Each structure stands twice: as structure tokens, then as C-alpha cells.
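What follows is a set of notes on a single structure, which appears directly below.
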Protein chains: 2
Amino acid sequence: MASSSNTPRNAAQARAQLLEAQDRFIASWGRMGSVWGISRTMAEVHALLYITGQPMCTDEIMERLGVSRGNVSMSVRSLLEWGVIEKVRHPGDRKEYFQAEQDVWSMLRAIARERIKREVDPLLDALDEIGELAPRVEGQSQEEVRDLHKRLDEIRDGFGLITTLAHKFAGPRGAGLQTAARLLAKAPVGRKKSHTSGRTKKGGDA
Amino acid sequence: MASSSNTPRNAAQARAQLLEAQDRFIASWGRMGSVWGISRTMAEVHALLYITGQPMCTDEIMERLGVSRGNVSMSVRSLLEWGVIEKVRHPGDRKEYFQAEQDVWSMLRAIARERIKREVDPLLDALDEIGELAPRVEGQSQEEVRDLHKRLDEIRDGFGLITTLAHKFAGPRGAGLQTAARLLAKAPVGRKKSHTSGRTKKGGDA
DNA sequence: TTTGATTTTCAGATTTCATTGAAAATCGCT
DNA sequence: AGCGATTTTCAATGAAATCTGAAAATCAAA
């Protein structure tokens, strides 16, 4: 598909390639967003701010992404609540500018944190309530009720463990996914399969 | 909210409570499903089969959940692909029955596996493509291009690490989330915060 | 305080995704 | 092989989420 020249002849071409690459990233991140139950625009705004690294105002975002003012306003608010972007002000300029958190791990942590809050915590609460609904009976051959509780408990334990870990490592003050990942990466396990398709340099220094 | 009698007087009441509790579980799991980008019905079918533990045929599922035949058919197929339910046949009965995987960890592993396949892998592929789009230039003050690559690499490394771990621990032949969880639970980290709302027993024996 | 630029809100339009239901295909039993 | 029960498919429908745009609210500067 990408047939034409890949090496820029001049500054203008290089710039066009840069924008094109940014747009592709924005689109991918946006697609991810929808899979995650995050609105596409919200993910795109985040992608734009992250990949450019520059503070941008509402109008710039609107123009670059081609979305409405209201949409940008709501997306930006959510991102602020998630703690993955922040407001910056320019002296002598009324506009608000927004800039993305630049540390990837901190960003990933914020994402994980939000998802757990929205997905897992409510389930655990519901499981607790449900358990109280059908009291464990004493005598009787109520095998079914026993099974129900066994299964509820197992799920609760499973998700409970995951949640505890998540709070520990992905919480706002947690040790960081990075730490967790390092710990696990060293753990002795049978198989091992690299995913990179070859070209990946050497990682960062973060 | 749950004001009325909580201790069943007779078998019929006990049964009603059981069904009610099951329905609540099904509803919760279904809600989780939609947050995850899984169709509500698919999650509900799974919940029903898991919580009852019994093999059920299409008509029973339709009736219990109040959904169409086509919907059940499609949901069941996806669940089979995910590997979280299986077909069982009764001798002398043409119908197909379905039964849920009963091990929670194996179930959670399957879920994690599917999500990574659908969410993370495509992103990594896209990142690779995008990187090739804007070639790193040598001379020039192309700071922006350098930044772009730095950010792309960081994201790729982050998700790459997560993916590697996931394959290692959540893959079909992986060591299991359980193992990962145990490893992490022991890891020394500052804070610690219990999530359970009190009544949780002592964990299982799994 | 006034002013005009900037942001927020939200009812309605739009888009996206899940579900239905009936026709077509499949499949096990005799 | 033939038959009826069972499952699968998919166009049409319905429901839900998302987005727009303009009016209302906010806010910094003069």
C-alpha cells in the first residue's frame, strides 16, 4: 500500500510525514479507546496531546481532529479527571491550554486505575450483596445454595486478589506497573515468547 | 433495600431466593460485559452457565434470559471460541447442551487472553507501521520527529512488556494468573489496602 | 463593573452496535 | 436416504451511545 517515497526530499515533505504519522497514531489510540468503552474522541484528544507533547487550546484540538467544541470540552474534562492531562496557562492569553502527562507508565497506571474503578469495584460490591440474598442454610440438602456460595466466593476471591494487586501497584501512590512488570519478567516460567517484530531499539531510560 | 424476610420458611421460598440471587449475579456479570465491550447477552449466558453449573440447552437459556434464539446461538458460539464453555451431549437427545468452565482462574485467564488479543496486539502492530511512516532523519534539527519516535517507542515498550507478561502468565499454556498474583502479593511494596467489605471468609483452597 | 472572549451545557440529530425473527442450512435418528 | 428437530445466518429493527451546535454561563482583563 505505502508505495511512494519514504525519505523526505525537503522540509515540507518531512512535515507532512510527521503529521500523517501522528494522525495514524491518533486513529489507533482512538480505536483502542472504543474497544475500552472510552469514547473515541476522548481517546483521540489524549492521543493528540500525548504524541505532539505540546499544550493545545480548544480551537486547535477542534481543528486538528475535526470534532465539535462541545465534544472537546467534555473529553478534556474527563481526561483532567483521569489525571492524564493538565491545564496550562499562557500569560496574557485567556485561552486554556492542555498538555498530556508525558510519562507512559504514569499514564498506563491512570488508565488501569480508572478501569478497575469502573469495572471491578462495582462487581465486587454486587457480589457481596448477592451473597446476602440467599442465606446459607444449615440442615437440608440445599446443595444448590452451597454451590452458589462456593462460586460467588471463588469469583470474589479471584477479583479481590486482582483488585488488591491493582491498588498496590497501579494506585495513585502505588509502586507502579513498571515495578510489577519487572518483578514478573524475572519470575521463572516455562515458555517465553518475544512479541517485537524486530526493529525495536533498546527501550528508553525512563 | 432488602427489607423483607431473609431466612427461608420452606423449600419454595428457598428456591425463589436462589433464583433471585442467580438473576442478580447474571445481571451484574452482564453489566460488566458491556463495560468490557462484550455484548451483554454473551456475558449473561456465560454467567447463567457458570452460576448454575449445569449444562443447559438453547431453549432453556432463551427462556431463562428472555432473549432470542439467534442471540443465544451467536453468544454461545463466541463463548466456545473463548474456551470458557463447552458442548456436552446427552445420549438419545438431539439437543446440544452447554456447560461453563468451572475453574475461576482458568476462566479469568481466558478472558485476559481474549482481551489482549483484541485490544493490545492490534495497537502494537499499528505502532510498528506508524514508526516506518516517518523515517528518523540524520542531520537536521528534526526534533519533532525524534520526539515522535521517542514517544512511539515508549508506548510500544510499555505495552510490549505487558503483552509479554500476559502471554507468559495468561496464555493457554501459561503459568496462570494465580501464580502471577501470588508472586506479586508477596512483593514488598509500601502501602497496602484491603478491599473486602468485611465478611469475606478466608480465601479458597484452589 | 463592563465587556467580549472563552467555556460549558444539553436537547436533538446522528452514528454505532446489539437484537430479533424467520428463512435456510444442518444434523442425528430411524 | 428421508424426515423432523435443531441450529445458524443475516437483513431489518430497535436501543444506546456519541456527537453537534447554539444558547447560557463563566471569567479575565481593562
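Bear in mind that the values here come from a model prediction, so they are computed numbers and not experimental data. Reminder, nothing fancy here: chain letters follow the sequence lines and each chain counts from 1.
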(request) Report the nucleotide, chosen from D:dT20, C:dT7, C:dG4, that has the shortest atom-to-atom distance to any side-chain atom of A:S68. (result) D:dT20
(request) Taking only Lys NZ, Arg NE, NH1 and NH2, and the carboxylate oxygens of Asp or Glu, determine whether B:K95 and B:D59 approach each other closer than 4.0 Å. (result) no
(message) Do A:Q22 and A:L19 have side chains that approach each other closer than 4.5 Å (heavy atoms only, starting at C-beta)?
(response) yes
(message) Any carboxylate oxygen within less than 4.0 angstrom of a Lys/Arg side-chain nitrogen, looking at B:R40 and B:E44?
(response) yes
(message) Assuming nearest nucleotide by heavy-atom distance, tell me which of A:V67 and A:D93 is located more 5' along DNA chain D.
(response) A:V67
(request) Identify the two heavy atoms, one from B:Q17 and one from A:A134, that lie closest to each other, and give their separation to 0.1 Å. (result) O-CB, 4.1 Å
(message) It should be established whether A:T41 places a side-chain nitrogen or oxygen under 4.0 Å from OP1 or OP2 of nucleotide D:dC19.
(response) yes
(request) Answer yes when A:R146 and A:E143 have at least one side-chain N-carboxylate O distance shorter than 4.0 Å, and no when they do not. (result) no
(request) Kindly point out which of D:dC19, D:dT6, C:dT19 is positioned nearest to the side chain of B:N71? (result) C:dT19
(message) Counting only heavy atoms and a strict 4.0 angstrom limit, can you tell me which residues of residues 72-89 of chain A come near DNA chain D?
(response) A:R89
(request) Just need the stems in DNA chain C: three or more back-to-back Watson-Crick or G-U pairs, each with both distances under 3.5 angstrom, sorted by first number. (result) C:1-30 with D:1-30
(message) So which atom in A:R113 and which in A:W82 form the shortest heavy-atom distance, rounded to 0.1 Å?
(response) NH2-O, 3.9 Å
(request) Please tell me which of A:R69 and A:P91 maps to the more 5' nucleotide of DNA chain D, matching each residue to the nucleotide holding its nearest heavy atom. (result) A:R69
(message) So if I take every side-chain heavy atom of A:S39 and compare against D:dT20, C:dG4, D:dT18, which nucleotide ends up nearest?
(response) D:dT18
Can you give each donor-acceptor pair under 3.5 Å made by side-chain atoms of residues 46-53 of chain A, sequence neighbours left out, with the distance rounded to 0.1 Å?
{"residue": "A:H46", "atom": "ND1", "partner": "A:W29", "partner atom": "NE1", "Å": "3.2"}
{"residue": "A:Y50", "atom": "OH", "partner": "B:R151", "partner atom": "O", "Å": "3.4"}
{"residue": "A:T52", "atom": "OG1", "partner": "A:L48", "partner atom": "O", "Å": "3.0"}
{"residue": "A:T52", "atom": "OG1", "partner": "A:Q54", "partner atom": "N", "Å": "3.3"}

(message) Under a 4.0 Å threshold between the charged nitrogen and the carboxylate oxygen, would B:R24 count as salt-bridged to A:E129?
(response) yes
(message) Under 4.0 Å from OP1 or OP2 of D:dA15: is there any side-chain N or O of B:R40 that close?
(response) no
(request) Looking at every strand, decide which applies to B:T58 at a 4.0 Å heavy-atom threshold: base, sugar-phosphate, or nothing. (result) sugar-phosphate
